[in-house]
Amino acid sequence: MTTREEKQHKLDLRYLRMACIWSENSYCERRKVGALVVKDKMIISDGYNGTPSGFENVCEDENHITKPYVLHAEANAITKLARSSNNSDGSTLYVTASPCIECAKLIIQAGIKRVVYGEKYRLEDGINLLKRANIEVIYLNPNDNESE
């Protein structure tokens, strides 16, 4: 790895770890997911999975099945951008779990150019769609040691 690549790798790991910490804000029991949108080394948006604004903070029903209106972390971060003066053209999305196909569509439409994720999911259609759209997709284990 070149020095520039090493620096980017270390930055990617740090932002991914920050997304992991942000996921702790989720009220979901089954899986807590966090996301950060970063542009020019600045966090311009964040999100975690949960219910829409104004809804009770309960993500699963009595059978422990995720309620259909729960928003994914990526969707929360991207829609938050719509309510701000920031734009995500050319940014990087850091997310603790690989994006689903619905979130991949939002990522593409938001102009995000890189996705760094920390947990593989059994379905890869979201990742495949991102690659088809020429978005750089990187899997990193957030527990990797930065000095490696």
Side-chain angles (χ1 to χ4, degrees), residues 1-53 59-61 64-84 86-148:
M1 246 191 265
T2 67
T3 305
R4 186 171 185 211
E5 288 170 335
E6 286 174 14
K7 281 183 180 177
Q8 185 61 56
H9 180 75
K10 286 181 179 185
L11 267 178
D12 287 345
L13 278 171
R14 285 185 195 132
Y15 282 123
L16 190 56
R17 284 193 192 107
M18 290 170 74
C20 289
I21 290 167
W22 198 245
S23 74
E24 295 171 16
N25 289 318
S26 174
Y27 288 92
C28 296
E29 294 175 21
R30 290 181 60 213
R31 172 179 280 173
K32 294 178 182 294
V33 180
L36 298 176
V37 180
V38 176
K39 186 173 181 177
D40 301 324
K41 295 184 182 176
M42 203 168 64
I43 297 169
I44 60 170
S45 191
D46 54 58
Y48 50 86
N49 57 328
T51 56
S53 298
C59 298
E60 293 87 7
D61 64 20
H64 304 290
I65 295 172
T66 301
K67 293 179 179 180
Y69 52 82
V70 168
L71 291 159
H72 290 185
E74 308 94 312
N76 262 329
I78 291 168
T79 55
K80 217 181 211 183
L81 278 167
R83 298 175 73 171
S84 77
N86 290 315
N87 87 54
S88 50
D89 282 342
S91 64
T92 299
L93 173 76
Y94 295 90
V95 61
T96 57
S98 65
C100 70
I101 195 155
E102 292 303 317
C103 288
K105 290 187 241 178
L106 291 174
I107 292 164
I108 294 165
Q109 290 302 98
I112 293 167
K113 293 299 173 203
R114 292 177 77 236
V115 174
V116 179
Y117 69 100
E119 181 186 330
K120 294 181 180 180
Y121 187 60
R122 60 184 172 81
L123 300 176
E124 292 190 7
D125 25 349
I127 296 295
N128 293 336
L129 186 64
L130 292 172
K131 288 178 180 176
R132 183 175 170 193
N134 294 317
I135 292 173
E136 183 181 0
V137 180
I138 300 164
Y139 164 74
L140 285 180
N141 180 341
N143 300 316
D144 277 353
N145 185 344
E146 281 189 30
S147 61
E148 287 180 37

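Only heavy atoms go into these numbers, but all of them, side chains included; no hydrogens, no water, no symmetry mates.
- Distance CD1/Ile107 to CD1/Ile101: 11.5 Å, rounded to 0.5 Å.
- For the residue pair Tyr48 / Asn76, no side-chain donor-acceptor distance below 3.5 Å is found, with atom types taken as modelled.
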Pair His72-Leu106, side chain to side chain contact (heavy atoms under 4.5 Å, CB included): steps then yes or no: CA-CA 11 Å; His72 290 185; Leu106 291 174; over 6 Å; no
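- Atom CD of Glu74 and atom OG of Ser45 lie 12.0 Å apart (nearest 0.5 Å).
- Checked against Lys39 for a side-chain hydrogen bond (donor to acceptor under 3.5 Å, both in side chains), the options Asn87, Thr92, Asn86, Asp89 give a single hit: Asn87.
- Here salt bridge (Lys or Arg N to Asp or Glu O under 4.0 Å) pairs that include residues 115-126, with residues two or more places apart or in two chains, are Arg31-Glu119.
- When the salt bridge (charged side-chain N to carboxylate O under 4.0 Å, His left out) test is applied to Glu6, no partner is found at least two apart in sequence or on another chain.
- Between Ala110 and Ser88, the shortest heavy-atom distance links the atoms O-OG, 2.6 Å.
- In this structure, the side-chain contact (heavy atoms from CB on, under 4.5 Å) partners of Glu29, at least two apart in sequence or on a different chain, are Glu60, His64.
- Here the side chain of Tyr15 pairs a donor or acceptor atom with the backbone of Lys41 at under 3.5 angstrom.
- Atom CD1 of residue Ile44 and atom CG of residue Leu81 lie 5.0 Å apart, to the nearest 0.5 angstrom.
- Applying the side-chain contact (heavy atoms from CB on, under 4.5 Å) test to Ala35 and every residue at least two apart in sequence or in another chain returns Ala73, Ala77, Leu93, Val95.
- Lys7 pairs by the salt bridge (charged side-chain N to carboxylate O under 4.0 Å, His left out) definition with nothing, not counting sequence neighbours.
- When side chains are defined from C-beta on, Thr79 does not count as touching Leu71, because their heavy atoms never get closer than 4.5 Å.
- Listed by chain and number, the residues in a side-chain contact (heavy atoms from CB on, under 4.5 Å) with Asp46 are Trp22, Leu36, Lys80 (sequence neighbours excluded).
- In terms of the side chain to side chain donor-acceptor pair (under 3.5 Å) criterion, Lys32 has no residue partners (sequence neighbours excluded).
- Put simply, CD1 on Ile108 and CD1 on Ile135 are 5.0 Å apart, with the number rounded to the nearest 0.5 Å.
- Here the closest non-hydrogen pair linking Thr51 and Val70 is CG2-CG2, 4.3 Å.
- Under the ring pair (Phe, Tyr, Trp, His ring centres under 6.0 Å) criterion, the residue pairs touching residues 102-132 are Tyr117-Tyr139, with sequence neighbours excluded.
- Side-chain atoms of Thr2 come within 3.5 Å of backbone atoms of Glu5 as a donor-acceptor pair (strictly under, hydrogens ignored).
- The line from NE2 of His9 to CZ of Arg14 is 10.5 Å long, rounded to the nearest 0.5 Å.
- Applying the ring pair (Phe, Tyr, Trp, His ring centres under 6.0 Å) rule to Tyr27 yields no partners; only residues at least two apart in sequence or on another chain are considered.
- Between the Ser26 side chain and the Asn49 main chain, a donor and an acceptor come within less than 3.5 Å of each other.
- The two residues Gly50 and Cys59 make their nearest non-hydrogen contact at CA-SG, 3.9 Å.
- To the nearest 0.5 angstrom, Ile138 atom CD1 is 7.5 Å from Tyr94 atom OH.
- Applying the salt bridge (charged side-chain N to carboxylate O under 4.0 Å, His left out) rule to Lys67 yields the partners Glu56; only residues at least two apart in sequence or on another chain are considered.
- Under the rule for a side-chain contact (heavy atoms from CB on, under 4.5 Å), the partners of Cys20 that lie at least two apart in sequence or sit in another chain are Thr96, Pro142.
- Between Ser91 and Val37 the shortest heavy-atom distance is OG-CG1, 3.4 Å.
- The two residues Gly90 and Lys113 have their closest heavy-atom pair at CA-CG, 3.6 Å.
- Within the structure, every pair that satisfies the salt bridge (Lys or Arg N to Asp or Glu O under 4.0 Å) test and touches residues 92-111, not counting sequence neighbours, is listed here: Glu102-Lys105.
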